[in-house]
Amino acid sequence: DLHSFPTRRSSDLHIGITEDELELHSVKAGYTQDWGRIEAIATYYKRQSDFRHPADAAGEVLSRGTRPADSTGRSVLHTTEDREVTSQELRFTSSWQSPFEVVVGGYRQSTDVYGRTTFNQTNPITGTILADSEIFLDRDGTSTLDELAFYGELTWNITDRLSATAGARYFEFEYDQQATSLAGLFGAPAGGPGPLLKFEESGTIYKGALNYTLSDDSMVYASVSEGFRPGGAQDPVRFGGLITVPAGYESDSVVNYEVGFKNSWLANRLVTRAALFNIDWTNMQTERAIVDAGTGLRTIYIGNAGKALVRGVELEVLAQPTNELSMNVSMSYLTDAQLEESFPVATDGLKGDWMPFVPEFTASAQIGYETPLPLPSAPTGSVRLEYTYTGETREMFRPTQLFYREINSYSIVNLRFGLRTGDWDGSLSVENLLDEDETIAYTVDFAGPRPAGGNIPDSLYRPWPRSVVLSLRRSF
């Protein structure tokens, strides 16, 4: 019976394991003169991840019942990824005696990724992979992304109170991806290397702003800026060829219009910021779903669809009543976050539908206290309490969609104690202090009747359970 997941045996491979190794290096050099500053930055980032989780139900469904979930379908999905990112940036910022200020620079980034997914049969009793365990599926893939950008910004201080800023950024990028079938689904012949998928694009985006200083403690502004997300390629072969999706997707773009103000009182001990914004989103990248009629399997891919409109208000208040005590509160409220055009397939989304994973209201608050302690070497002690609230949202555009789910609001509270002395910085944190366990996302992989006559239950995400984290850092 597949109305619930089979009992997980005592096996490290089979209870779900996530391992992450992260390496980050950065070098920064600068040269300053009366006329400005030249700055160069280079970074190197490497991440190796290893993720294993039970896949018994998938074994039964993909095999159409020939490998039951509680015996020969017992399996584990093992995914590894190696990612390397290098970037370089050169920037000049002027400081000459002139009503004009200039920022110009160039940026380059290269990303290389290798990933492999293996779907292995495990021993029905111990849950371990044996030498003669069947390999249900084995695929790997490589991708490279090269980005290049040049940017410039000019600010004209028209008067002591009024300034205007205009900027532009030219970009170009190239993306390559290739997947290789190392073992076909349930003994099918390996397909070998797939097609080399390529995507490239270039363009220019712009920004402009006006700032007016009302007083030494108050200013208002209006701005318009463009942004984009690059398109890309994606592996079109899913579940060993049971489902095929589009091989790529296009970039999308936004134009953000914003007006706001900033005020400070009591010698900057109380600061308020507020803004109204309107975002026009074109050729929007969205998650789409395809369901295989034979198995009920669903796969997610990225596609483009229509336009969307997002409108709302943001508010932030920062306060420092004493040198030791600090507080801040922020919130965001959306009046609109909806489609402006219906999707090509009407059942996927209609004009006026609210956007998935976009809550109408979010808020956060923090309060912290920091002071020297009467101890040898006079270390600084601190305590900080953080609260975040995320309002109700949904997973899909249309309530009539098969995988439509509503997600309730939830709150997270974190508490941190810190101690700092000289080059050393230590902390003890309690994350998710109240152990909030509200569902924050569903990852539904299956739906409908299964070959074994049951249904695969929903898979879902909840916040990380209450955790105690101890960290120690040294600067040098």
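Since we're looking at a predicted model, the values are computed, not measured. Side-chain atoms are counted along with the backbone in the values below, which use heavy atoms only and exclude waters and symmetry mates.
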**OP:** In plain terms, say whether Glu21 and Lys46 are close enough for a salt bridge, that is, a side-chain N and a carboxylate O under 4.0 Å apart.
**Re:** no
**OP:** Test Arg169 against Tyr107 for side-chain contact (heavy atoms from CB on, under 4.5 Å), laying out the working first.
**Re:** CA-CA 10 Å; Arg169 181 184 180 95; Tyr107 176 82; 4.1 Å; yes
Original post:
Which one of Asn432, Leu428, Leu385 satisfies the side chain to side chain contact (heavy atoms under 4.5 Å, CB included) criterion with Leu415?
Top reply: Leu385
Subject >> No-hydrogen, no-angle side-chain donor-acceptor test under 3.5 Å, Asp50 and Thr80 >> reply: no
Original post:
Does a sphere of radius 6.0 Å around CG in Asp20 hold more than 12 heavy atoms from other residues, nucleotides or ligands, not counting ones at 6.0 Å or beyond?
Top reply: yes
Subject >> Gap separating the OG atom of Ser264 from the CG atom of Leu318, nearest 0.5 angstrom >> reply: 11.0 Å
Original post:
Within the side chain of Glu341, is there an N or O that forms a donor-acceptor pair under 3.5 Å with the backbone of Ala305?
Top reply: no
**OP:** State whether a side-chain donor-acceptor pair under 3.5 Å links Thr322 with Glu324.
**Re:** yes
Subject >> Criterion side-chain contact (heavy atoms from CB on, under 4.5 Å) on Asn278 and Leu309, from CA distance to verdict >> reply: CA-CA 7 Å; Asn278 182 107; Leu309 173 67; 3.6 Å; yes
Original post:
Under 3.5 Å, is there a donor-acceptor pair between the Ser163 and Asn157 side chains?
Top reply: no
Subject >> Glu340 CD to Thr282 OG1 distance, which is reported to the nearest 0.5 Å >> reply: 10.0 Å
Original post:
Side chains of Glu360 and Tyr333: do they bring a donor and an acceptor to under 3.5 Å?
Top reply: yes
Original post:
Crowded around Trp265 CH2? As in, over 12 foreign heavy atoms under 6.0 Å?
Top reply: yes
**OP:** For Ser202 and Glu172, work out which heavy atoms get closest and say how close.
**Re:** CB-CB, 3.7 Å
Original post:
Arg52 side chain to His78 main-chain N or O, any donor-acceptor pair under 3.5 Å?
Top reply: no
**OP:** Flag yes if more than 12 heavy atoms outside Trp464 fall under 6.0 Å of its CH2 atom; otherwise flag no.
**Re:** no
Original post:
Looking only at heavy atoms, which two atoms of Ala275 and Tyr221 are closest? And how far apart?
Top reply: CB-OH, 3.5 Å
**OP:** Hey, could you give me the OH/OG1 distance between Tyr175 and Thr144, rounded to the nearest 0.5 Å?
**Re:** 8.0 Å
Subject >> Cationic N near anionic O, under 4.0 Å, Lys28 to Glu39 >> reply: yes
Original post:
Taking NZ, NE, NH1 and NH2 as the nitrogens, is one of them in Glu153 or Lys207 under 4.0 Å from a carboxylate oxygen of the other?
Top reply: yes
Subject >> Donor-acceptor contact present, side-chain Arg420 to main-chain Asp425, <3.5 Å >> reply: no
**OP:** Answer yes or no: is there a donor N or O on one side and an acceptor on the other, between the side chain of Glu316 and the main chain of Asn328, under 3.5 Å?
**Re:** no
**OP:** Go through the steps for Ile407 and Phe357 under the test side-chain contact (heavy atoms from CB on, under 4.5 Å), then give the verdict.
**Re:** CA-CA 9 Å; Ile407 300 174; Phe357 295 109; 3.9 Å; yes
Original post:
Looking only at heavy atoms, which two atoms of Met219 and Asn263 are closest? And how far apart?
Top reply: N-OD1, 4.4 Å
Subject >> Minimum heavy-atom distance between Tyr389 and Ser409, given as atom pair plus value >> reply: OH-CB, 3.3 Å
Subject >> Partner residues of Tyr301 under the ring-ring contact (aromatic ring centres under 6.0 Å, His included) criterion, sequence neighbours left out >> reply: none
Original post:
How far apart are the closest heavy atoms of Leu210 and Ala164, and which atoms are they?
Top reply: CD2-CB, 3.6 Å
Original post:
Are the side chain of Ser98 and the backbone of Phe100 linked by a donor-acceptor contact shorter than 3.5 Å?
Top reply: yes
**OP:** Any chance you could measure Arg311, atom CZ, to Tyr257, atom OH, to the nearest 0.5 Å?
**Re:** 11.0 Å
Original post:
Would you say Arg466's side chain and Leu433's backbone share a donor-acceptor pair under 3.5 angstrom?
Top reply: yes
Original post:
Got a sec: does the CG of Asp34 have more than 12 other heavy atoms crowding it under 6.0 Å?
Top reply: no
Subject >> Worked check of salt bridge (charged side-chain N to carboxylate O under 4.0 Å, His left out) between Glu314 and Arg273 >> reply: CA-CA 8 Å; Glu314 294 177 331; Arg273 302 188 183 104; over 6 Å; no
Subject >> Distance-only polar pair, side chains of Thr43 and Ser87, donor-acceptor under 3.5 Å >> reply: yes
**OP:** Output yes when a side-chain donor or acceptor of Glu250 lies under 3.5 Å from a complementary backbone atom of Asn283, and no otherwise.
**Re:** no
**OP:** Report yes or no: does Ser94 contribute a side-chain atom to a donor-acceptor pair with the main-chain N or O of Val102 at less than 3.5 Å?
**Re:** yes
Original post:
Between Asp176 and Lys198, is there a salt bridge with N-O shorter than 4.0 Å?
Top reply: yes
Subject >> Modelled atom types, side-chain donor and acceptor of Thr165 and Thr155, under 3.5 Å >> reply: yes
Subject >> Point-to-point distance, once rounded to the nearest 0.5 Å, from CD of Glu81 to CZ of Arg47 >> reply: 7.5 Å
Original post:
Does Gln285 offer a backbone N or O that forms a donor-acceptor pair with the side chain of Asp252 under 3.5 Å?
Top reply: yes
Subject >> Distance in Å, Leu470 CG paired with Ser429 OG, rounded so as to fall on 0.5 Å steps >> reply: 8.5 Å
Original post:
With the threshold set at 4.0 Å, does a side-chain nitrogen-carboxylate oxygen contact exist between Glu89 and Arg91?
Top reply: yes
**OP:** Check the pair Ser427 / Ser471 against side-chain hydrogen bond (donor to acceptor under 3.5 Å, both in side chains), numbers first and verdict last.
**Re:** CA-CA 5 Å; Ser427 68; Ser471 68; 2.6 Å; yes
**OP:** For Glu23 and Tyr44, test the side chains for any donor-to-acceptor distance below 3.5 angstrom and give the result as yes or no.
**Re:** no
Subject >> Intermediate values then yes/no, side-chain contact (heavy atoms from CB on, under 4.5 Å), Arg416 and Ser382 >> reply: CA-CA 8 Å; Arg416 180 184 185 274; Ser382 63; 4.0 Å; yes
**OP:** For Phe171, enumerate each residue passing the ring-ring contact (aromatic ring centres under 6.0 Å, His included) test, keeping only those at least two apart in sequence or located in another chain.
**Re:** Phe228
Original post:
Have Asn408 and Glu438 got a donor and an acceptor in their side chains that come within less than 3.5 Å?
Top reply: yes
Subject >> Distance-minimising heavy-atom pair for Gly36 and Phe92 >> reply: CA-CE1, 4.0 Å
**OP:** Hey, could you give me each pair passing side chain to side chain donor-acceptor pair (under 3.5 Å) that has a residue in residues 343-356? Not counting sequence neighbours.
**Re:** Arg288-Asp348, Asp353-Arg398
